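Below: the structure, in structure tokens.
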Amino acid sequence: MSIEPIRSAPERRAEIQAQAAALGIDESYIDRLVEAFYRKVRQDGMLGPVFARRISDWGPHLTRMKAFWSSVALNSGQYSGKPVPAHLALKEVRPAHFERWLALFQETLEETAPTPGAVFHFMERAQRIATSLQLAMFGLPELQIPKGEDK
């Protein structure tokens with residue numbers, strides 16, 4: 001049994017970027033994906049109003065989302081924000097919003113992705129991100145004590 005050598009951060013980043021490139025994922029594709037996805041979000045009956053209440057100038061938000069997805073998909077290190085506190089402020093958001101977000105994201109990927117592998121690459125990460133944000137926002141309801149039984 002051989003032990004894998006520990007790779008440096010730059011080596012790991014190069015490996016992730018090479019894998020993404022083999023799937024057709026690059027900065028240009030991320031730009032197209034984010035633009036197409038947020039066009040759908042703005043037109044969506046469920047998600048559009050949530051975003052419209054908070055975003056009047058879409059330019060900076062799209063730039064931030066391109067940096068975010070570049071960091072997620074390519075390990076580029078472009079994004080340095082804090083998504084959990086930003087999402088915790090969204091009191092009207094419920095798990096159904098995340099389901100709709102994921103459905104629109106997958107739909108957009110299936111329409112734009114350069115390869116089927118690119119769809120999987122993004123969706124695997126998007127689902128993990130959605131789960132993480134939902135845990136931060138809603139906890140684990142199945143483990144919470146029902147009202148009246150916390151005495």
Side-chain angles (χ1 to χ4, degrees), residues 1-42 44 46-47 50-51 54-55 58-146 149-150:
M1 179 175 175
S2 66
I3 297 176
E4 293 282 327
I6 296 175
R7 293 166 291 169
S8 68
E11 289 170 329
R12 180 72 181 128
R13 176 173 284 144
E15 178 184 316
I16 290 168
Q17 291 174 349
Q19 290 169 346
L23 298 172
I25 301 169
D26 58 16
E27 296 291 349
S28 176
Y29 174 66
I30 290 169
D31 185 77
R32 287 192 314 277
L33 170 63
V34 169
E35 292 284 342
F37 173 65
Y38 281 101
R39 265 193 305 277
K40 287 179 183 276
V41 165
R42 284 179 276 193
D44 187 73
M46 177 186 266
L47 299 178
V50 174
F51 281 84
R54 287 174 174 76
I55 301 171
W58 276 88
H61 183 72
L62 294 174
T63 298
R64 189 168 35 259
M65 291 301 94
K66 290 171 188 178
F68 175 80
W69 283 107
S70 174
S71 293
V72 169
L74 301 174
N75 194 23
S76 69
Q78 291 183 32
Y79 180 78
S80 62
K82 296 180 180 176
V84 171
H87 286 81
L88 286 174
L90 305 174
K91 300 301 181 195
E92 74 272 31
V93 171
R94 298 289 173 255
H97 289 93
F98 284 94
E99 291 172 25
R100 181 65 183 147
W101 189 96
L102 284 167
L104 275 183
F105 195 64
Q106 182 158 352
E107 180 183 298
T108 307
L109 283 163
E110 289 172 355
E111 293 170 357
T112 65
T115 64
V119 175
F120 178 80
H121 186 84
F122 277 96
M123 283 307 299
E124 179 180 45
R125 286 152 180 81
Q127 288 169 337
R128 273 192 257 145
I129 291 162
T131 297
S132 176
L133 288 171
Q134 287 182 83
L135 285 171
M137 293 175 76
F138 312 120
L140 293 170
E142 64 274 12
L143 298 180
Q144 294 178 2
I145 300 169
E149 295 182 25
D150 56 350

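No experiment lies behind these values; they were computed from the predicted model shown.
- Arg12 meets the side chain to side chain donor-acceptor pair (under 3.5 Å) test with Glu15; sequence neighbours excluded.
- With sequence neighbours left out, Asp26 forms a side-chain contact (heavy atoms from CB on, under 4.5 Å) with Ser28, Tyr29.
- The salt bridge (Lys or Arg N to Asp or Glu O under 4.0 Å) search around Glu107 returns Lys40, not counting sequence neighbours.
- Contact check for Phe51 versus Arg42: no side-chain heavy atoms found under the 4.5 Å cut-off.
- For Gln134, the side chain to side chain donor-acceptor pair (under 3.5 Å) test picks out no residue, with sequence neighbours left out.
- Under the salt bridge (charged side-chain N to carboxylate O under 4.0 Å, His left out) criterion, the residue pairs touching residues 63-83 are Asp31-Lys66, Glu35-Lys66, with sequence neighbours excluded.
- Taking the side-chain contact (heavy atoms from CB on, under 4.5 Å) definition, one finds that Ala136 meets it with Val84, sequence neighbours left out.
- Listed for the Ser132 side chain is no donor-acceptor partner under 3.5 Å among the backbone atoms of Arg128.
- Evaluation of the side-chain contact (heavy atoms from CB on, under 4.5 Å) rule for Ser80 yields no partner, not counting sequence neighbours.
- Residues Leu104 and Asp44 meet the side-chain proximity criterion, which asks for heavy atoms closer than 4.5 Å.
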Run the side-chain donor-acceptor check on residues 116-126: report pairs under 3.5 Å with partners two or more places apart or on a different chain.
| unit_1 | atom_1 | unit_2 | atom_2 | d |
| --- | --- | --- | --- | --- |
| His121 | ND1 | Arg125 | NH1 | 3.3 |
| His121 | NE2 | Ala73 | O | 3.1 |
| Arg125 | NH1 | His121 | O | 2.7 |

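- Looking at every heavy atom in both residues, Ser70 comes nearest to Ile30 through CA-CD1, 3.7 Å.
- The two residues Thr115 and Leu23 have their closest heavy-atom pair at OG1-O, 2.7 Å.
- For Ser71, the side-chain contact (heavy atoms from CB on, under 4.5 Å) partners at least two apart in sequence or on another chain are Ser76, Gln78, Tyr79.
- Screening residues 87-118 for ring pair (Phe, Tyr, Trp, His ring centres under 6.0 Å), with sequence neighbours left out, gives Phe37-Trp101, Phe37-Phe105, Trp69-Phe105, Trp101-Phe105.
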